[in-house]
Amino acid sequence: MNNTRLSYAIEQGPRHNLEDDFGISQITLPLQADKRITVMVLSDGVGGNVGGEIASKITVATVNSFVAATLTATDVNSAVSNDVVLKTLE
């Protein structure tokens, strides 16, 4: 069993609100149930502009969804191997 620990620290700085966001998701591939991929996304805010915290949340959700959908599709399709996709994402 592989246990992963993650620690993080956030400093808000001089602004009123924290615009940064992060997300962690684990993807189990449909045809390779023993293979789990961990995706970690960090999105920096946009420097105090209006909606910066919303933009960073949308970015994290979009990247996580895209990676999950792409890996699932390539696992089922196998036209492109997941190894190629993962290497590209690095």
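Both backbone and side-chain heavy atoms feed into the values below; hydrogens, waters and symmetry mates do not.
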Separation between OG1 (Thr38) and CD1 (Ile24), nearest 0.5 Å, reads 8.5 Å
Which distance, rounded to the nearest 0.5 Å, do you find between the CG of Asp44 and the CG of Asp21?
-> 11.0 Å
Would you list the pairs meeting side-chain hydrogen bond (donor to acceptor under 3.5 Å, both in side chains) in which at least one residue belongs to residues 53-69, sequence neighbours left out?
-> Asn17-Glu53, Ser25-Asn64
Contact list for residues 34-54, test ring-ring contact (aromatic ring centres under 6.0 Å, His included), sequence neighbours left out | none
Would you mind listing every ring-ring contact (aromatic ring centres under 6.0 Å, His included) that reaches into residues 22-58, with sequence neighbours excluded?
-> Tyr8-Phe22
Please answer: with hydrophobic residues joined when any side-chain heavy atoms are less than 4.5 Å apart, are Met40 and Ile58 in the same cluster?
-> no
Could you pull out the closest heavy-atom pair between Val60 and Ser43, with the gap in Å?
-> CG2-CB, 3.8 Å
